[in-house]
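See below for the structure under consideration.
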Amino acid sequence: MTKKDLLNRLSGPEWSDFEVKEAKDQLPKNIWETVSAFSNTNGGWIILGVKEIKRKGISIYEIQGISNPEKLEQDFIGTLRSRKFNTVISPKVENFCIDGKVVLAFYIPESPIKPIFYNSPQNTFVRYGSGDQRVNDYEFGVMHREQEFGRKSEKTVSNTSIDDIYPNSLDSYRNTLRHDNATHSYSNLSDEDFCKKIGILSPNGEVTVGGLFMFGKRDSINKLTYNFWIDYIEIPGTSISDAERRYSFRLQEQENIWESYNVIIQRLRNYVDNPYSPRPDGFAPDDESRLYCLREALVNLCAHSDYFDAAHPTIRVFNNHISFQNPGAFNFDIEKIKEHPIISKPRNPNILKFFRLAKLSENAGYGIEKILNWTKLTGKEVKFKSYQSVSEVIFHLPVKNGGVNGGVSGGVNGTVNGTVNGTVNGTVKLTERDLRILDFIKENPAASRQMISSNTGIALRTLARYMAKLQKANIIERIGSDKSGSWKVKV
């Protein structure tokens with residue numbers, strides 16, 4: 001950071017990677033919360049010697065300077081290298097003189113090892129907007145799992161073998177590869193040798209985590225994680241709250257990722273214009289259609305999801321947009337995605353490799369670019385959202401035949417026990433937030449309030465009001481104690 005950069009920042013709002021603190025002659029007590037938050041999120045600058053003054057909701061920054069910069073710098077760095085934090089943190093330090101006043105700037109890098117906390121795990125913070133927030137138990141667990149980012153899927157599952165692979169999935173996948181290149185050296189291998197060659201099995205014959213999720217039998221997957229499911233829903237409306245019924249189609253649970261992918265991609269065909277090819281999946285090798293963009297997002301979801309999370313990946317198809325939402329935050333800066341779209345950091349790299357071998361995904365780094373091609377083809381925006389434990393890609397659909405896309409009819413009736421058009425028994429009006437809460441706790445009845453908050457994006461205080469309303473209306477019921485009980489959706 002240069003002096004000019006600092007002055008430019010001080011003339012604008014306080015950003016997610018920039019925080020000022022007064023600190024005249026001593027380090028402020030809440031500085032360690034910010035260190036933890038920056039370390040656990042995307043890094044950021046802490047500026048000492050600047051006072052924030054709020055006037056009518058607008059922040060104005062006044063440079064006050066610090067009286068003993070050498071001591072404060074040594075105290076700060078010394079603490080970051082002491083046992084106060086659970087690992088050593090090495091900041092970058094800048095010293096500025098502005099109008100005769102000294103300002104210290106410390107850059108706290110994002111830590112490759114998380115969670116970062118001070119004194120105890122209860123003091124673990126993350127950065128939301130321009131504020132530091134203490135993580136809940138669910139988010140703390142997510143951080144621990146993130147240490148396996150990019151490695152977990154290639155580990156082996158003990159006491160497994162090729163018998164844990166679903167034969168129909170393996171046959172279907174191999175036929176897809178043969179169609180593209182019948183003379184490929186893999187074509188004549190036995191099933192077991194083929195699986196070892198591409199990483200479904202390890203050299204000793206045990207199934208890899210990614211291989212099991214991609215091609216395994218459902219019963220075998222459930223032994224590894226209890227909540228495996230890619231949830232695909234078609235909703236006849238522009239949002240959950242204005243839908244004429246809760247859904248018109250919901251995909252039944254499939255054996256594995258490969259089976260889910262093949263059903264979902266054919267359902268998505270109904271929502272976009274796309275050419276047809278004699279390939280088994282209906283894609284031409286040089287396909288540049290809208291479906292190609294959606295396919296890349298679907299593959300991205302499959303390769304990026306945290307399958308050990310309490311939530312599961314979900315595709316929601318509305319009349320005017322399609323949302324791909326999955327557990328696990330993006331491992332890149334979504335604010336810079338359009339400037340630098342060539343990014344390849346999958347959570348499950350071998351799952352992505354399986355798709356690429358079948359020519360169902362772009363080569364490393366170009367998938368995001370193909371997703372963004374949606375705007376050129378339709379004139380509609382693609383939005384990327386990422387939270388601490390959830391990421392989302394939203395495709396806005398173009399208008400068809402003078403109106404909004406109607407989507408696909410059929411499937412199951414989404415009305416449940418008198419819940420029609422967002423009302424219950426004709427008396428209680430359900431908002432979009434209500435329906436998000438109901439959807440989540442129906443699939444996760446043992447979820448804590450913190451977990452519900454993290455996965456629905458509803459703040460804890462707001463969530464408490466909504467759940468109290470739902471309980472009073474006898475729509476949900478708490479069974480058992482607050483600590484070990486569960487939720488029951490009664491409609």
Side-chain angles (χ1 to χ4, degrees), residues 153 164-181 186-187 191 194-195 198-200 207 210-222 228-234 247 249-272 274-285 287 289-305 307 312-317 322-326 346 348 350-362 367 370-371 393 395 407-408 410-412:
S153 67
D164 292 285
I165 298 300
Y166 186 54
N168 292 357
S169 297
L170 186 58
D171 288 346
S172 168
Y173 182 75
R174 296 199 69 178
N175 284 336
T176 300
L177 267 63
R178 289 188 189 104
H179 188 277
D180 286 328
N181 189 352
Y186 294 176
S187 299
D191 281 348
F194 171 81
C195 289
I198 71 169
I200 298 173
V207 186
L212 188 63
F213 284 135
M214 187 75 171
F215 303 109
K217 296 176 181 176
R218 184 166 191 84
D219 287 345
S220 299
I221 295 173
N222 286 341
F228 174 78
W229 180 21
I230 298 178
D231 192 11
Y232 174 89
I233 314 170
E234 293 169 1
Y247 51 81
F249 174 82
R250 190 169 197 170
L251 182 67
Q252 293 181 339
E253 296 181 18
Q254 303 294 305
E255 288 284 330
N256 50 48
I257 293 173
W258 180 248
E259 298 298 318
S260 300
Y261 166 84
N262 281 293
V263 177
I264 292 170
I265 198 64
Q266 298 308 327
R267 296 294 303 187
L268 290 174
R269 282 188 177 279
N270 295 285
Y271 290 87
V272 290
N274 61 93
Y276 190 79
S277 164
R279 274 177 49 121
D281 62 356
F283 281 89
D287 188 354
S289 68
R290 299 171 182 179
L291 186 60
Y292 189 105
C293 304
L294 297 181
R295 186 190 73 178
E296 200 64 43
L298 176 57
V299 170
N300 181 74
L301 176 138
C302 293
H304 190 79
S305 285
Y307 293 105
H312 47 251
T314 301
I315 298 108
R316 287 191 175 100
V317 181
I322 300 175
S323 166
F324 295 80
Q325 185 180 91
N326 60 322
N348 307 295
N350 62 346
I351 291 177
L352 187 58
K353 182 182 74 174
F354 299 144
F355 279 110
R356 285 178 182 150
L357 281 174
K359 297 186 178 179
L360 296 177
S361 180
E362 276 295 319
K370 291 300 180 182
I371 289 173
V393 181
F395 293 83
V408 180
V412 251

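All heavy atoms count here, side chains included; hydrogens, waters and symmetry mates do not. All figures in this text were calculated on a predicted structure; none of them were measured in a lab.
In terms of the side chain to side chain contact (heavy atoms under 4.5 Å, CB included) criterion, residue partners of Ser169 (sequence neighbours excluded) are, by chain and number, Tyr166, Phe215, Asn256, Trp258, Glu259. Remark: Ser260 pairs with no residue by the side-chain hydrogen bond (donor to acceptor under 3.5 Å, both in side chains) rule, at least two apart or across chains. Remark: Asp171 pairs with no residue by the side-chain hydrogen bond (donor to acceptor under 3.5 Å, both in side chains) rule, at least two apart or across chains. Every residue meeting the ring-ring contact (aromatic ring centres under 6.0 Å, His included) condition with Phe355, not counting sequence neighbours, appears here in chain and number order: Tyr261. Evaluation of the salt bridge (charged side-chain N to carboxylate O under 4.0 Å, His left out) rule for Asp164 yields no partner, not counting sequence neighbours. Remark: Arg316 pairs with no residue by the side-chain hydrogen bond (donor to acceptor under 3.5 Å, both in side chains) rule, at least two apart or across chains.
Looking only at side-chain heavy atoms (C-beta outward), Leu170 and Ile200 come within less than 4.5 Å of each other. Side-chain atoms of Val272 and Ser289, non-hydrogen and from C-beta on, never get closer than 4.5 Å to each other. Side chains of Leu251 and Gln254 form a contact here, defined as non-hydrogen atoms less than 4.5 Å apart. In this structure, the side chains of Leu268 and Ile322 come closer than 4.5 Å at one or more pairs of heavy atoms. Looking only at side-chain heavy atoms (C-beta outward), Ile351 and Tyr307 come within less than 4.5 Å of each other. Inter-residue side-chain proximity for Ser153 and Asn350 is flagged as met; some heavy-atom pair is nearer than 4.5 Å. By the 4.5 Å heavy-atom criterion applied to side chains, Phe228 and Ile257 are counted as neighbours. Ile198 places a side-chain heavy atom less than 4.5 Å from the side chain of Tyr173.
In terms of modelled atom types and a separation under 3.5 Å, the side chain of Glu296 and the main chain of Lys370 share no donor-acceptor contact. Between the side chain of Arg218 and the backbone N or O of Glu253, no donor-acceptor pair lies under 3.5 Å. Of the possible polar contacts, one joining the Asn348 side chain to the Ser305 backbone as a donor-acceptor pair under 3.5 Å is found.
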**Message:** Show, in sequence, the C-alpha distance, side-chain angles and deciding distance for Ser220 and Leu212, and conclude whether the side chain to side chain contact (heavy atoms under 4.5 Å, CB included) test is met.
**Reply:** CA-CA 8 Å; Ser220 299; Leu212 188 63; 3.9 Å; yes
**Request:** Decide yes or no on side chain to side chain contact (heavy atoms under 4.5 Å, CB included) for Phe354 and Leu360, but give the supporting numbers first.
**Result:** CA-CA 9 Å; Phe354 299 144; Leu360 296 177; over 6 Å; no
**Item:** Arg267 and Glu234: CA distance, side-chain angles, deciding distance, salt bridge (Lys or Arg N to Asp or Glu O under 4.0 Å) verdict
**Value:** CA-CA 9 Å; Arg267 296 294 303 187; Glu234 293 169 1; 2.8 Å; yes
**Message:** Applying side chain to side chain contact (heavy atoms under 4.5 Å, CB included) to Ile371 and Phe395, what does each step give before you reach the verdict?
**Reply:** CA-CA 9 Å; Ile371 289 173; Phe395 293 83; 3.6 Å; yes
**Item:** Audit row: Thr314, Tyr232, side chain to side chain contact (heavy atoms under 4.5 Å, CB included) steps and yes/no
**Value:** CA-CA 6 Å; Thr314 301; Tyr232 174 89; over 6 Å; no
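Taking CG of Asn326 as the start and CG of Asn300 as the end, the distance is 7.5 Å to the nearest 0.5 Å. Here the CZ-CG distance, from Arg269 to Leu294, works out to 11.0 Å after rounding to the nearest 0.5 Å. Here the straight-line distance linking atom OG of Ser172 with atom CZ of Arg174 works out to 12.5 Å at 0.5 Å rounding. Atom CG of Leu298 sits about 6.0 Å away from atom CZ of Phe324, to the nearest 0.5 Å.
Closest approach of Ile230 and Cys302 over heavy atoms only: CD1-SG, 4.0 Å. Nearest approach of Gly216 to Ile221, heavy atoms of both residues: O-CD1, 3.9 Å.
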